[in-house]
Asker: 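Below is a structure I'd like to ask you about.
Heavy-atom basis, side chains included; hydrogens, waters and symmetry copies ignored.
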Amino acid sequence: WMAEASDNPDAVALGLNAKHLAYVIYTSGSTGLPKGVMVEHRHAANLVYAHTDTHQLTSKDRVLQFISFSFDPVISEVFPTLMVGALLILRPPHLMVPDESFIRFLQLEKITVATLPMAFWHQWVQALETAELTPSDDLRLVIAGGERAHASHLKSWLAHPSTQHCRWVNAYGPTETTVTAASMVFDQDHPLAQDEVAIGAPIANTQIYILDSHGQPVPLGVSGEIHIGGAGVARGYLNRPELTAERFIADPFNAQAGARMYKTGDLGRWLVDGNIEYLGRNDFQVKIRGFRIELGEIEAKLAQCEGVREAVVLAREDVAGDKRLVAYLVPDEGITLDPAALRSHLSISLAEYMLPSAFVMLEVLPLTPNGKLDRKALPAPDDSALMTREYEAPQGELEIQLAEIWQDLLGIERVGRHDNFFELGGHSLLTVQLQGRIRQVFELDVSIHHLFSHPTICLLEECVIDAQLLQFDMASLQALRETMDGFESQNT
């Protein structure tokens with residue numbers, strides 16, 4: 001070592017500068033194939049300094065290194081910590097859930113700062129009622145990100161006696177803009193002011209624009225796509241020039257030559273206080289029977305329902321050609337959620353085509369090894385997830401025949417005479433098929449209007465009987481007319 005230089009390498013002499021590549025990290029984002037994001041030293045340096053300054057890191061901090069090294073938020077854990085001379089404490093690999101062992105580790109190591117995946121933090125909040133799972137007095141800062149924060153969880157966190165001393169930060173940012181682009185602090189001095197948790201304002205040297213489909217800024221409170229410009233915008237995707245050109249576009253709002261911004265695919269809106277509310281992914285916009293639906297909007301409404309701790313909505317196509325909305329819910333402890341009541345509550349503020357056809361109850365939402373929500377692990381709904389009424393068997397041959405038609409169309413095993421066709425997953429296209437099946441089986445024409453206004457087996461039976469009587473009356477009338485025509489002909 002004595003023969004080595006005692007000063008830092010001369011970057012200029014070596015031809016190095018801040019625009020050289022710092023790392024490439026692969027991400028699939030919300031959808032699509034993995035792509036390598038190229039991050040330069042200047043991008044990472046801006047994150048490090050912004051993180052250090054915003055969260056007031058000092059050499060006295062003891063920072064938990066929780067995130068996997070294959071997940072880019074690790075950059076905000078490791079480098080700011082080492083830059084200020086704080087102690088970085090690695091998470092033992094077996095601590096993957098917020099259980100008693102995890103909390104004991106935080107207490108034993110006197111952790112002061114922890115960055116956690118949002119889904120992991122949500123589970124921690126659910127366990128706060130257990131005394132052993134409360135954070136220690138040493139923990140002064142928790143940063144959570146990666147997904148939308150639920151307001152109910154944040155309210156519980158801020159109200160809990162053991163967290164009064166702890167700041168909670170909602171962090172937002174895609175990999176393509178170097179981990180964090182915006183953040184917002186919540187604590188006793190900065191309480192939650194509304195029913196949605198804002199992602200806050202841009203970090204240092206970062207600009208955020210919310211634009212419409214024409215690339216123009218949207219008015220206050222109006223939804224648009226989030227675009228991010230500034231010092232954190234990455235170089236692009238490795239060996240993917242077409243995709244880079246599609247997502248990293250010129251920044252028309254920045255006078256600096258060559259300025260670019262990143263199209264996030266995220267939806268957001270400006271709030272009156274200058275902060276941003278995250279509304280979900282464009283990728284989570286689905287099209288069902290011709291209607292475009294924002295899954296995040298349905299999730300937000302479900303999260304506001306009494307007794308709902310967490311909510312996720314998917315569009316599933318378990319039967320080819322039949323795409324349906326399915327809600328996955330984690331209820332509050334000791335609460336039994338009623339799917340019919342939930343659907344009724346949602347119908348007040350959502351259109352009929354936005355109402356889930358099934359409500360699956362879970363103890364916890366499944367997580368990936370990185371602590372994020374694992375949507376692929378959410379189970380297919382069974383009959384218990386459907387909004388069945390108190391079961392009463394169909395009565396008589398006509399009701400039994402109608403129930404068999406419903407079972408076949410809806411793909412379910414049992415239908416009661418008071419079950420609602422639309423609550424079981426029926427919709428306008430299936431109603432047309434139902435009309436055709438009734439015509440085929442009963443040789444009757446029942447109007448779509450009557451099918452909508454008679455949505456249960458017992459009501460539909462009355463409708464079919466009326467149609468049969470009407471058909472009989474029409475046949476009798478036709479026979480009478482033919483008879484009268486015969487008399488008239490004979491008289492003539």
Asker: Verify, without hydrogens or angle tests, whether His165 (side chain) and Ser136 (backbone) share a donor-acceptor contact under 3.5 angstrom.
Answerer: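 Yes.
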
Asker: Can you classify the ring geometry of Trp157 versus Trp124 as parallel (below 30°), tilted (30 to 60°) or perpendicular (above 60°)?
Answerer: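 It falls in the perpendicular class, over 60°.
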
Asker: Between Lys19 and Glu40, is a salt bridge (Lys or Arg N to Asp or Glu O under 4.0 Å) present by the stated rule, with each step listed?
Answerer: CA-CA 6 Å; Lys19 293 186 178 181; Glu40 299 171 357; over 6 Å; no

Asker: How would you list all residue pairs meeting ring pair (Phe, Tyr, Trp, His ring centres under 6.0 Å) that involve residues 38-61, not counting sequence neighbours?
Answerer: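 The answer is His51-His55.
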
Asker: Return the set of residues passing ring pair (Phe, Tyr, Trp, His ring centres under 6.0 Å) with Tyr209 (not counting sequence neighbours), or none when no residue passes.
Answerer: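 So Tyr209 forms a ring pair (Phe, Tyr, Trp, His ring centres under 6.0 Å) with Phe253.
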
Asker: Quick check: do Leu106 and Pro135 have side-chain heavy atoms less than 4.5 Å from each other?
Answerer: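 No; the side chains remain at least 4.5 Å from each other.
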
Asker: Is it the case that over 12 heavy atoms from other parts of the model lie below 6.0 angstrom from the CD atom of Gln188?
Answerer: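 Buried by this count: over 12 neighbours within 6.0 Å.
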
Asker: Name all residues meeting the side chain to side chain donor-acceptor pair (under 3.5 Å) criterion together with Tyr262; count only those two or more places apart in sequence or in a different chain, and write none if there are none.
Answerer: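 Here the qualifying residues are Glu176, Tyr237.
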
Asker: With sequence neighbours left out, what residues match Arg148 under side chain to side chain donor-acceptor pair (under 3.5 Å)?
Answerer: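 None.
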
Asker: Do Phe359 and Val326 have side chains that approach each other closer than 4.5 Å (heavy atoms only, starting at C-beta)?
Answerer: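 No. Closest side-chain heavy atoms not under 4.5 Å.
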
Asker: For the residue pair Arg316 and Pro379, what are the closest heavy atoms and their distance?
Answerer: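 Where Arg316 meets Pro379 most closely, the heavy atoms are NH1-O, 3.5 Å.
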
Asker: Given side chains that start at C-beta, do those of Asn46 and Val48 come closer than 4.5 Å, heavy atoms only?
Answerer: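 Counting from C-beta outward, Asn46 and Val48 never come under 4.5 Å.
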
Asker: Looking only at non-hydrogen atoms, find the nearest pair between Val125 and Ser156 and report the distance.
Answerer: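 The answer is CG1-CB, 3.9 Å.
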
Asker: Can you confirm whether the side chains of His122 and Glu310 place a donor and an acceptor under 3.5 Å from each other?
Answerer: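 Glu310 and His122 do have a side-chain donor-acceptor pair below 3.5 Å.
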
Asker: Determine whether Ile89 and Ile111 make a side-chain contact, defined as any pair of heavy atoms from C-beta on separated by less than 4.5 Å.
Answerer: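 Side chain of Ile89 against side chain of Ile111, heavy atoms only: contact under 4.5 Å found.
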
Asker: Is the shortest heavy-atom distance from the side chain of Val84 to the side chain of Phe79 under 4.5 Å?
Answerer: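 With C-beta onward as the side chain, the pair stays apart.
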
Asker: Does Leu192 reach the side chain of Lys155, with side-chain heavy atoms less than 4.5 Å apart?
Answerer: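 A side-chain contact exists here, since the closest heavy-atom pair is under 4.5 Å.
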
Asker: Please check if any side-chain donor atom of Asp61 sits under 3.5 Å from a side-chain acceptor atom of Thr112, or the reverse.
Answerer: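 Per modelled atom types, Asp61 and Thr112 side chains form a pair under 3.5 Å.
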
Asker: Taking all non-hydrogen atoms of both residues into account, name the closest pair between Phe248 and Gly236 and its distance.
Answerer: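 Closest approach of Phe248 to Gly236, heavy atoms only: CE1-CA, 3.7 Å.
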
Asker: If you measure from the Lys or Arg side-chain nitrogens to the Asp or Glu carboxylate oxygens, is any gap between Glu352 and Arg343 under 4.0 Å?
Answerer: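 Salt bridge: yes.
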
Asker: Considering non-hydrogen atoms only, spot the tightest contact between Phe105 and Leu90 and give its length.
Answerer: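 Closest heavy-atom pair between Phe105 and Leu90: CZ-O, 3.6 Å.
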
Asker: Minimum heavy-atom separation for Ile226 and Ile208, please, with both atom names.
Answerer: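 Of all heavy-atom pairs spanning Ile226 and Ile208, the closest is CG2-CG2, 3.9 Å.
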
Asker: May I ask you to check whether Phe102 and Phe120 place their ring centers less than 6.0 Å from one another?
Answerer: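 Centroid distance Phe102-Phe120: below 6.0 Å, so yes.
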
Asker: With sequence neighbours left out, what residues match Glu196 under salt bridge (Lys or Arg N to Asp or Glu O under 4.0 Å)?
Answerer: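 Not a single residue meets the salt bridge (Lys or Arg N to Asp or Glu O under 4.0 Å) criterion with Glu196.
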
Asker: Quiz question: by atom type and distance under 3.5 Å, do the side chains of Asp72 and Thr175 form a donor-acceptor pair?
Answerer: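 Yes, Thr175 and Asp72 have a side-chain donor paired with an acceptor closer than 3.5 Å.
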
Asker: Looking at residues at least two apart in the chain, or sitting in another chain, which of them share a side chain to side chain donor-acceptor pair (under 3.5 Å) with Arg260?
Answerer: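 For Arg260, no residue satisfies side chain to side chain donor-acceptor pair (under 3.5 Å) once neighbours in sequence are set aside.
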
Asker: Distance alone, cut at 3.5 Å: any donor-acceptor contact between the side chains of Ser162 and His160?
Answerer: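 The answer is yes; a qualifying pair exists.
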
